[in-house]
Amino acid sequence: MSSIETRCVQGGYVAGNGEPRQVPIVQSTTFKYDSSEDMGKLFDLEAEGYFYTRLQNPTNDAVAKKICQLEGGSAAMLTSSGQAATFFSLFNICENGGHVVASSAIYGGSYNLLAHTMAKMGVESTFVSPTCSREELEAAFRPNTKAVFGESIANPALAVLDIQMFAEAAHAHGVPLIVDNTFPTPVNCRPIEWGADIVTHSTTKYMDGHGSAVGGAIVDSGNFDWMAHADKFPGLTTPDESYHGIVYAQKFGQQGAFITKATSQLMRDFGSIQSPQNAYYLNLGLESLHVRVPQHCKNGQAAAEFLATHPKVASVRYPGLKGDRYYDLAQKYMPNGTCGVVSFDVAGGRAAAERFMGALKICNIETHVADSRTCCLHPASATHRQMSDEELVAAGISPAMVRLSCGLEGTDDIIADLEQALASI
Ligand SMILES: *Cc1c(COP(=O)(O)O)cnc(C)c1O
């Protein structure tokens, strides 16, 4: 199955003779066996099969397999949310005493997870600028570093990660690079092709695409040699006493160890499973991902170009815009397009931004991005409203900043809405 289009439509599930054409929703918590011996083999990970939906479910597995094929990985799993995917991808290899090097331009939830919650679990993080030099990046590593983490396009900073440079630095220190690829999706960017080892997603965004189901996914490239760095990753390379003394990297090899451990250990213990019903909705979204993403990008590009020349707009950030500080990296890693999200500062400060937002008609005010309906958010009066103007600036968010997520509507209608709202200021 070669093209990304065919993988979006047909990947992950093959119907047998007389079986449902659409991926069936297996709405069952449990599965029946003829003998205890049959079931025992599943518990010993000696045979493949299902026994309890917290660990694995056929609907989820089919959809995970499609995302795996889209990213070009060796194994994948779904999680209940993007946050769960980020946490599992890191905690699977970083335990108490470990350390993570992360780009500072990441989703707020991922920053909180690393800077606060995982710090309480004894995993420290060092944040580096997404525009750091190789030397600055090198300086962030410690002997106990276990992973490097970044976003291919950061939400909401819209910084593009230099995936190749971050991967080379990670590998020089014997650790994997984990990339959150939510914004470009595998239609526009496939981080594994540039050296990333693990890819994560908030499937809540473009993959679902319709604002209907929260979810996440983790894809392993199968390229990282855990055994070659056995002392750094004892969870994968020494016996798991909580699972009959299995050594994941030996029993499941480089291709299967990471996802098998995350499933049989982390999903077992944390239980952040995606419901089969939500996996079904996600799959409906994936079937048209390759058709929708170009339209999101077309609208994002048009909105960015319109805003960049408008006298009532002070500045625009969009990696597809010529002159943007991330334009060259975007051309390298995602030459067919970036995403539909644009951020800009309205001239005239906070009051002008609030006025502009209130005048929008097609663009709805929402705490969301990346679905079929255009939406926007004024962080200073929503997600970051507890901060003073000074604190906002320190956090890299201007009081006049608006984050616009271009949906799938007609380009001219979105531009006309922006135009009339700017005219009202
Ligand atoms: C939304 C988002 C997340 C978190 O995903 P949820 O599905 O909301 O838990 C993580 N990373 C990025 C880039 C996101 O946009």
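We count ligands from 1, going down the list as the structure has it; atoms in each ligand are counted the same way. Atoms considered below: every heavy atom in the structure, side chains included; atoms not considered: hydrogens, waters and symmetry mates.
Numbered from 1 in the order shown, with element, the atoms of ligand 1 that lie under 4.0 Å from a heavy atom of Phe183 read 15 (O). Of all atoms in ligand 1, numbered sequentially from 1 with element shown, those under 4.0 Å from a heavy atom of Gln83 are 4 (C), 5 (O), 6 (P), 9 (O). If you number the atoms of ligand 1 from 1 as listed, the ones under 4.0 Å from a heavy atom of Gly215 come out as 7 (O). Set against the non-hydrogen atoms of Ser81, the atoms of ligand 1 under 4.0 Å away are 7 (O), 9 (O).
For atom 5 (O) of ligand 1, the nearest non-hydrogen atom from the set Ser202, Ser152, Pro156 comes from Ser202. The closest non-hydrogen atom to atom 14 (C) of ligand 1, taken over Glu151, His201, Lys205, comes from Lys205. Here the shortest heavy-atom distance to atom 10 (C) of ligand 1, taken over Asp208, Asp180, Thr182, belongs to Asp180.
Ranking protein heavy atoms by distance to atom 7 (O) of ligand 1, first place goes to Thr204 OG1, 2.6 Å. Among protein heavy atoms, the minimum distance from atom 4 (C) of ligand 1 is reached at Tyr107 CE2, 3.4 Å.
Polar contact check, Gly82 against ligand 1: a nitrogen or oxygen pair lies under 3.5 Å apart. Taking distance alone, with nitrogen or oxygen atoms compared against 3.5 Å, Thr86 stays at or beyond that limit from ligand 1.
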Is there a ring pair (Phe, Tyr, Trp, His ring centres under 6.0 Å) between Tyr52 and Phe43? Walk through the geometry before answering. CA-CA 10 Å; Tyr52 191 55; Phe43 274 90; 9.5 Å; no
Is there a side-chain hydrogen bond (donor to acceptor under 3.5 Å, both in side chains) between Thr263 and Thr260 once you walk through the steps? CA-CA 5 Å; Thr263 302; Thr260 307; over 6 Å; no
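In this structure, Lys205 is positioned above the aromatic face of Tyr107, its NZ or CZ under 6.0 Å from the six-membered ring centre and within 45° of the axis.
Using a distance-only test at 3.5 Å, with no hydrogens or angles considered, a donor-acceptor pair links the side chain of Thr237 to the main chain of Ala230. Side-chain N or O atoms of His378 include one that pairs as donor or acceptor with a backbone N or O of Pro399 at under 3.5 Å.
Enclosure of atom NZ in Lys312 by more than 12 non-hydrogen atoms of other residues, nucleotides or ligands within 6.0 angstrom is indicated.
Taking the six-membered ring for Trp, His229 and Phe224 have ring centres closer than 6.0 Å.
Using a 4.0 Å cut-off between charged side-chain N and carboxylate O, Arg142 and Glu124 make a salt bridge.
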